[in-house]
Amino acid sequence: MSNQAPNRARVIPLRPPAERPGIAATVSPTAPAPAPGIGPRAAPREPLWRDLVGDVLRRERQAQERTLKDVADSARISMPYLSEVERGRKEASSEVLAAAAHALGLSLGDLLGRAQGELVRLSSRHSARSRTVTSSSYDGLCLAA
């Protein structure tokens with residue numbers, strides 16, 4: 001018999017149990033304390049840029065009644081990768097975003113402008129709610145590439 005401890009992986013959830021669908025909020029006595037600001041009264045998270053860009057690509061593709069395969073072929077990107085970008089699972093490069101936008105008849109500026117409009121719309125809704133919960137001295141937006 002080996003003297004080594006069993007090989008166990010420590011899983012750190014991305015969301016607290018109460019926010020995960022289908023999982024009851026239970027606290028294990030050995031579980032680490034939640035990070036500050038995470039809990040039942042945590043403010044809703046701000047949208048991620050990759051989610052916004054993916055949503056714009058998907059909405060435009062569906063508005064044109066085009067398939068994922070058609071757009072991926074036209075953009076010369078793999079269909080699974082384009083799908084991941086649309087779902088916000090991949091942070092695509094500017095070259096990939098430009099190719100996908102051009103395949104949909106948009107410029108990169110059009111795509112990013114639409115995503116920026118969504119961000120402003122969602123952020124203004126988010127800030128209105130968060131101001132009632134907590135006050136912050138920072139109200140700006142910073143995007144870095």
Side-chain angles (χ1 to χ4, degrees), residues 6-145:
N7 187 10
R8 291 189 191 147
R10 181 171 164 214
V11 177
I12 301 172
L14 296 177
R15 287 186 252 158
E19 293 180 18
R20 282 186 261 159
I23 298 184
T26 60
V27 177
S28 165
T30 59
I38 297 178
R41 294 195 180 249
R45 75 177 178 98
E46 290 188 71
L48 298 176
W49 184 248
R50 67 177 184 243
D51 291 329
L52 297 169
V53 171
D55 288 344
V56 170
L57 286 171
R58 174 169 279 157
R59 277 196 311 268
E60 184 62 30
R61 178 179 60 79
Q62 290 173 339
Q64 294 180 15
E65 298 180 351
R66 293 176 66 187
T67 65
L68 196 60
K69 180 173 178 14
D70 176 43
V71 174
D73 288 347
S74 180
R76 301 187 61 126
I77 22 183
S78 76
M79 190 174 64
Y81 188 73
L82 180 58
S83 173
E84 294 279 306
V85 169
E86 281 190 356
R87 289 183 286 146
R89 304 251 173 126
K90 295 289 183 190
E91 193 83 48
S93 69
S94 57
E95 290 88 357
V96 168
L97 293 178
H102 289 291
L104 292 166
L106 301 172
S107 70
L108 181 59
D110 293 335
L111 172 66
L112 300 182
R114 290 179 186 189
Q116 188 264 347
E118 267 307 287
L119 181 60
V120 168
R121 186 180 67 77
L122 293 172
S123 292
S124 64
R125 189 170 22 150
H126 172 74
S127 358
R129 278 185 287 184
S130 66
R131 284 192 186 127
T132 60
V133 175
T134 180
S135 127
S136 171
S137 62
Y138 180 73
D139 256 356
L141 170 68
C142 178
L143 296 176

Could you check whether any side-chain heavy atom of [X] comes within less than 4.5 Å of a side-chain heavy atom of [Y], counting everything from C-beta outward?
X: D51; Y: L48; result: yes
X: R114; Y: R59; result: no
X: E46; Y: S123; result: yes
X: L52; Y: L122; result: yes

Working to the nearest 0.5 angstrom, can you tell me the gap between [X] [atom1] and [Y] [atom2]?
X: D55; Y: R87; atom1: CG; atom2: CZ; result: 12.5 Å
X: Q116; Y: W49; atom1: CD; atom2: CH2; result: 6.5 Å
X: H102; Y: L97; atom1: NE2; atom2: CG; result: 10.5 Å
X: S83; Y: I77; atom1: OG; atom2: CD1; result: 11.0 Å
X: L104; Y: R58; atom1: CG; atom2: CZ; result: 12.0 Å

Which salt bridge (charged side-chain N to carboxylate O under 4.0 Å, His left out) pairs, counting each pair once, include a residue from residues 90-110, with sequence neighbours left out? R50-E91

Looking at [X] and [Y], what are the two nearest heavy atoms and their distance?
X: L82; Y: A100; result: CD1-CB, 4.2 Å
X: A103; Y: V71; result: CB-O, 3.8 Å
X: S107; Y: A101; result: O-CB, 3.8 Å
X: A115; Y: V53; result: CB-CG2, 3.8 Å

Run the side-chain hydrogen bond (donor to acceptor under 3.5 Å, both in side chains) test against R66 and tell me which residues pass, sequence neighbours left out. Q64, D70

